[in-house]
There are 2 protein chains.
Amino acid sequence: MEGNGSDKLLVARERVVESMAKNMHLYGVTSSIARLYGLMFFEDHPMTLDEMKEQLGMSKTSMSTSVRTLMDLKMIDKKWMKGTRKDHYAVQEDWYQSFIDFFSIKWKSAVTMNIQSIKKSLHDLEVLITQPDIDEEVKHTAENDISKLHEALKYYDWLLQVIQQFESHHIFDLVPRPDEKL
Amino acid sequence: MEGNGSDKLLVARERVVESMAKNMHLYGVTSSIARLYGLMFFEDHPMTLDEMKEQLGMSKTSMSTSVRTLMDLKMIDKKWMKGTRKDHYAVQEDWYQSFIDFFSIKWKSAVTMNIQSIKKSLHDLEVLITQPDIDEEVKHTAENDISKLHEALKYYDWLLQVIQQFESHHIFDLVPRPDEKL
DNA sequence: CAGTTTGTACAGTTTAAACTGTACAAAATG
DNA sequence: CATTTTGTACAGTTTAAACTGTACAAACTG
């Protein structure tokens, strides 16, 4: 790609990619990974690790780990191409689904972990306050903690339900997709 | 706080705090900041920087910057206490609102930035393809990019609407709060 | 099955960010 | 207004994470 206009094209792309790189930390990825994602977004064909390495001037190892991260987030897919041994990757075109997957993968597991910890501590505290020789002030504090943790549990349950509304696509009842692919 | 049972109380708290510390990176905060948040969550009274520094064994400077971060996220509030010169801080008790604020603050600004970049690049590309001396292949690629960016814009607009549904509390129509504070 | 190719594990290096201590400005006190 | 207290700016240090190069295992090729 050369000749008049291609420089302006690249500047236009670069601006968008840099913006993504600045903001994709919300998905828990580094700006390097975000730039890789941006590159793949504009590239029309599925890319190999060597192409990525070439385009970004980074090591193949980095490309490998970055690709794995984006795969885990389901933001890119592995494409099987015939007649080649290299793996090829392309961005998940459905950004709505990527958003949903992010919550389904990262937030859900975080919430689940917190719920587990809270339930365990809740149990321990319930046992604690039944001890006959417990200090009165400790008991009072424990009861207070129990109350707080119950509230936290309610919140996490709510959050889990919100995520379920994403997963089931009921969120599109509240905010419809602009239009389906024609 | 000492005597029988207080050690078990602390273990129970510690478990929950550590779980939060592991997962609060989703809010873009470090585990240290998360632990501070956890400390304040269990503490019943608004805390001063010196109390935090004492409890966590960290520098006052760190406490200051951490508190600022949590304030920016609206996860804690500054409380005005009479009869003291120190600032006091307490966690925002309404976690539903904290969740909403996070999107309202961080995600909205990220989406807005991306939209700005895309619109600017979209404009540049529209100009580009009207150039009479443009390379045909470049023109074709530019048109393809324009199409992708329009789709992206639609997605970001959808996302902005989702955030608005959070802000307006219409999300509670889809997933009701378990029950209001009595 | 020998020869290639491809992706990744791992150790070492570089880079970024978290954290500290000092020093100071702003605000409160008497 | 002098004195004390409090929060934070800033430079320097420490710690964590991103990144690289080598080396190798697994998978493909002929």
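Order of the sequence lines fixes the chain letters, A, B, ..., with proteins taken first and strands second; residue numbering starts at 1 for each chain. We use all heavy atoms of the structure for the numbers below, so side chains are in, but hydrogens, waters and symmetry mates are not.
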More 5' along DNA chain C: A/Ser64 or B/Thr30, using each one's nearest nucleotide? A/Ser64
Send over the distance from A/Ile33 CD1 to C/dT15 P, rounded to a whole Å. 18 Å
Interatomic distance where CG belongs to B/Asp87 and P belongs to D/dG7 [whole Å]: 5 Å
Testing B/Phe103, B/Tyr96, B/Phe102 one by one against B/Phe99 for a side chain to side chain contact (heavy atoms under 4.5 Å, CB included), which residue passes? B/Phe103
Does some side-chain heavy atom of A/Met75 sit less than 4.5 Å from a side-chain heavy atom of A/Met24? yes
Give the rounded distance in Å between these two atoms: NZ of B/Lys53 and C1' of D/dT8. 14 Å
Distance, rounded to the nearest Å, where A/Leu49 contributes CG and C/dT5 contributes P: 16 Å
Nearest-angstrom distance from the residue atom NE2 of A/His25 to P of C/dA17: 11 Å
For the residue pair B/Tyr27 and A/Trp107, is the inter-centroid distance of their aromatic rings smaller than 6.0 Å? yes
In whole angstrom, what separates B/Leu56's CG from C/dA18's P? 16 Å
Would the A/Phe41 and A/Trp95 ring centres measure less than 6.0 Å apart? yes
Rounded to the Å, how far apart are B/Leu36 CG and C/dA18 P? 14 Å
Does C/dA9 have its OP1 or OP2 closer than 4.0 Å to a side-chain nitrogen or oxygen of A/Arg68? yes
Send over the distance from B/Met24 CE to C/dA18 P, rounded to a whole Å. 13 Å
5' to 3', nucleotides 20-30 of chain D under a 4.0 Å protein heavy-atom cut-off (B base, S sugar-phosphate only, - none) gives BBB----BBS-
Looking just at side-chain N and O atoms, do A/Ser98 and A/Gln92 make a donor-acceptor pair shorter than 3.5 Å? no
Begin with the C-alpha distance, continue with both residues' side-chain angles, and end with the deciding distance and a verdict on side chain to side chain donor-acceptor pair (under 3.5 Å) for B/Ser121 and A/Arg15. CA-CA 7 Å; B/Ser121 286; A/Arg15 181 187 297 117; 2.8 Å; yes
